Amino acid sequence: MVLLQTLAKMLRILYFFILTVLSTVSSNAQLCQGSLGDPIVNITFGSGSNPGAPLPGSVTNYQYYPNDCPNDGYYAVRNSSIACWSNSWHSLSTDHTGDPNGYFMMVNGSFQPSAFYVDTVDLLCSNTTYEFAAWIMNVSRPTGGCNNNPIQPNLTFRIERLDGSLIQSYSTGNLPPQTAAVWKQYGFFFATPVNISRIVLRLINNAPGGCGNDLALDDITFRPCGALINASINGSASPVDLCEGTGGQYTLSSNANGYNNSNVQWQQSNDNGVSWQDITGANASSFIETFSATSAAGTYLYRSTIAEAVNINVLQCRVASNILTIRINANKPTVTTNTGPVCDGQPVLLNATGGTTYSWSGPNGFTGSGPVLTIANINPLGAGKYYVEVTSNGLCKKMDSTILVVRAKPMAVVANNSFTECMGDSVQLQAAGGNAYRWTPSLGLSSATIANPMAVPVQSTLYTVQVSDQYLCTDTAIVQINIKDKPIVSAGSDKVITEGQSVQLNGSVTGGATYVWLPPYNISDVHALQPIVKPATDTLYVLRATSLNGCGTVSDAVRILVYKKLNIPNAFSPNGDGINDVWKIPALEAYPGFELIVFDRYGQQVYRSQTAIAWDGTTSGKALPTGLYYYVIDVKRGLPVASGWLMLLK
């Protein structure tokens, strides 16, 4: 036991020997490699809008500049700096923490090397190792000014007693320009002498002023520095998760090597690490924290702090371990639903919320995972209760369920699912099995929304009827109607002839059929489609076609109009002797609407009539002379125009 104590003491002496060597040799100075305490001093320069207020006169002998881009020997307090000296400086939009309102000190080095920042700092704890650190940036760009060779800042940090005697110093060496605006932290650790807790911080710029030697300074801190303290929970790294309502017991441990006579104090934070409070009685290298089933959900933070026994009651003298986290994860409320009730054969969605993973089970051997599941084609065997195990943060699990209702779909039936009909015939469809009906296609139906529409399709058609019940569940049935063609018959257009003429009929029949002309007289061939007819009077000829597939008889008719032949005299003698005194054409009475015109030999019209069938040889009441005249007679009706000459005699 004595041997182990002696070895531990030797290790502590060796550790402090190393710290002492590192703190007295400036060329090897560096930031603390062990554990740090909370900042005793944290100079941030504040925050706000531009410009920041000037620093106290005791802090710097540089001149305050209220605007951006200070000159040599001047400084400014800014939250941003834009395009200074023709863009030869980096533009800064925030302080080193990224705060757009955070101030930093912008320094344009004086022509002679000098201190640009001096402050008296109360460190509170003597005989304690501290880390001094500051964030610094060379704001000169490597190109764009100073002939691309700006003067480089070179800084010395001095920690002095109040009488000015040196405790420790550290030089950064030249700070070369960077292509991008990059903040870097510089510092070292040192030990305060016995009975010395108040020191002077002096920042000196060793480089001469002129073109370059420009820098930004931010966040000067002093923090206790000690041996590295590693803390763990149950021997493992944090965080540790447990679920609300479960409780648990945890051993928090830390090492405490590297001290002559150290004390331990465990702390807890209730504001996410902003502030820390001592845990009463937790003064050993380990302690047990117990959570009950009623402990509130939240994040619990712990750390171990260590200081020499004489300083343990001064918070600013302690160094702190890494932060340990125990999370009591709240049992989040779960919501489990489905998109039912659904009809047999329809898709259904299962939904759950409140977790990070989901494990489902249900009727008919159903399993699945995920917050949303789709069952593409549900059937009645899938109805019932679906369970889901919801796992939230910290692997907290909770069961929930939802009941799915699956409705049986109606059964669509039709009285006859196949018909064969002739074109133009109607057939009544008949469906049953539901509360509402919809037929497709609707073409050829008397109604598409009743159970028994009349169908008259123009071609073979497959009709589908959708039958719906009161829940809008549906089923379908089909009816095929096959259409047989009826013959298509045309007897041709009506004809006009005069007595004694013949004419050819222009009949046509499509589709399988036999055909015949009626009546069978004055026709060359009753079984020919284009026979010659020569009726003596007006006659209606009918072309009758009989379907070869049983679709009946179809007829069409053509009318032959037979007009009287015109007998036109070619001379008359209107001399009043009662013989041939007028030119008369009695057959014109059979052609109402005819037109009769007479011209003299010079082509002048001398007579015109649409009603009189006789002419007395006068024009406008005057007798015309003997001579040769010409006539034109148009009886309309499609008959040829008659023309010729006649002799008027006296």
Side-chain angles (χ1 to χ4, degrees), residues 26 29 31 42-46 50-52 54-55 59-99 102-119 132-158 169-188 201-221:
S26 63
L31 296 173
N42 189 10
I43 302 170
T44 66
F45 300 103
N50 280 326
L55 303 178
V59 170
T60 181
N61 60 7
Y62 274 44
Q63 297 297 309
Y64 173 72
Y65 187 63
N67 299 311
D68 200 3
C69 312
N71 261 310
D72 294 289
Y74 283 78
Y75 77 94
V77 179
R78 307 286 298 174
N79 64 27
S80 63
S81 179
I82 307 299
C84 285
W85 308 113
S86 302
N87 253 340
S88 64
W89 285 11
H90 289 296
S91 292
L92 307 180
S93 58
T94 69
D95 69 359
H96 110 267
T97 67
D99 181 1
Y103 290 136
F104 51 86
M105 183 180 181
M106 179 71 77
V107 178
N108 192 328
S110 61
F111 286 104
Q112 297 300 323
S114 63
F116 63 91
Y117 188 91
V118 181
D119 203 357
F132 160 78
W135 289 89
I136 298 172
M137 179 194 300
N138 181 348
V139 297
S140 295
R141 295 159 60 92
T143 59
C146 305
N147 294 319
N148 297 331
N149 188 28
I151 297 172
Q152 300 177 18
N154 185 303
L155 307 182
T156 295
F157 305 144
R158 286 178 58 91
S169 67
Y170 165 63
S171 295
T172 64
N174 288 341
L175 303 180
Q178 304 293 321
T179 57
V182 178
W183 290 93
K184 292 187 177 181
Q185 191 179 38
Y186 296 87
F188 61 102
L201 167 66
R202 192 180 306 275
L203 274 63
I204 301 171
N205 190 343
N206 303 309
C211 195
N213 195 22
D214 310 307
L215 60 93
L217 173 68
D218 198 11
D219 286 337
I220 301 171
T221 58

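Computed from a predicted model, the values in this text were never measured in an experiment. No hydrogens, no waters, no symmetry mates; every other heavy atom, side chains included, goes into these values.
Counting heavy-atom neighbours within 6.0 Å of Asn147 CG, excluding the residue itself, gives a total of 12 or less. More than 12 heavy atoms of other residues, nucleotides or ligands sit less than 6.0 Å from atom OH of Tyr64.
For Phe116, there are no ring-ring contact (aromatic ring centres under 6.0 Å, His included) partners two or more places apart in sequence or in a different chain. Evaluation of the side-chain hydrogen bond (donor to acceptor under 3.5 Å, both in side chains) rule for Thr221 yields no partner, not counting sequence neighbours. Residues meeting the side-chain hydrogen bond (donor to acceptor under 3.5 Å, both in side chains) test with Trp85, sequence neighbours left out: none. In this view, Tyr117 and Asp119 satisfy the side-chain hydrogen bond (donor to acceptor under 3.5 Å, both in side chains) rule, not counting sequence neighbours. Under the ring-ring contact (aromatic ring centres under 6.0 Å, His included) criterion, Phe111 pairs with no residue, sequence neighbours left out. Qualifying side-chain hydrogen bond (donor to acceptor under 3.5 Å, both in side chains) partners for Asn213, counting only residues two or more places apart in sequence or in other chains: Asn205. With sequence neighbours left out, Phe132 forms a ring-ring contact (aromatic ring centres under 6.0 Å, His included) with Phe157, Phe188, Phe222.
Screening residues 105-114 for side-chain hydrogen bond (donor to acceptor under 3.5 Å, both in side chains), with sequence neighbours left out, gives Tyr62-Ser110, Ser110-Ser114. Residue pairs meeting the salt bridge (Lys or Arg N to Asp or Glu O under 4.0 Å) criterion with at least one member in residues 64-90, sequence neighbours excluded, are Asp68-Arg78. For residues 174-185, the side-chain hydrogen bond (donor to acceptor under 3.5 Å, both in side chains) pairs, not counting sequence neighbours, are Asn154-Asn174. A salt bridge (Lys or Arg N to Asp or Glu O under 4.0 Å) check over residues 135-152, counting only residues at least two apart or in different chains, returns nothing. The stretch residues 81-96 participates, sequence neighbours left out, in no salt bridge (Lys or Arg N to Asp or Glu O under 4.0 Å) pair at all.
Screening Asp218, Asp219, Leu175 against Ile136 for a side chain to side chain contact (heavy atoms under 4.5 Å, CB included) leaves a single residue, Leu175.
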Note to self: One pair to check against side-chain contact (heavy atoms from CB on, under 4.5 Å): Thr94 and Leu92. What are the steps and the verdict?
What the structure shows: CA-CA 6 Å; Thr94 69; Leu92 307 180; over 6 Å; no
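Within the model, atoms CG of Leu155 and CG of Asn138 stand 9.5 Å from one another, a figure rounded to the nearest 0.5 Å. Separating the CZ atom in Phe45 from the OH atom in Tyr103 is a distance of 13.0 Å, to the nearest 0.5 Å.
Contact detail for Gly212 and Cys146: the closest heavy-atom pair is N-SG, 3.7 Å.
Judged purely by distance below 3.5 Å, without hydrogens or angles, the side chains of Ser169 and Thr156 never pair a donor atom with an acceptor atom.
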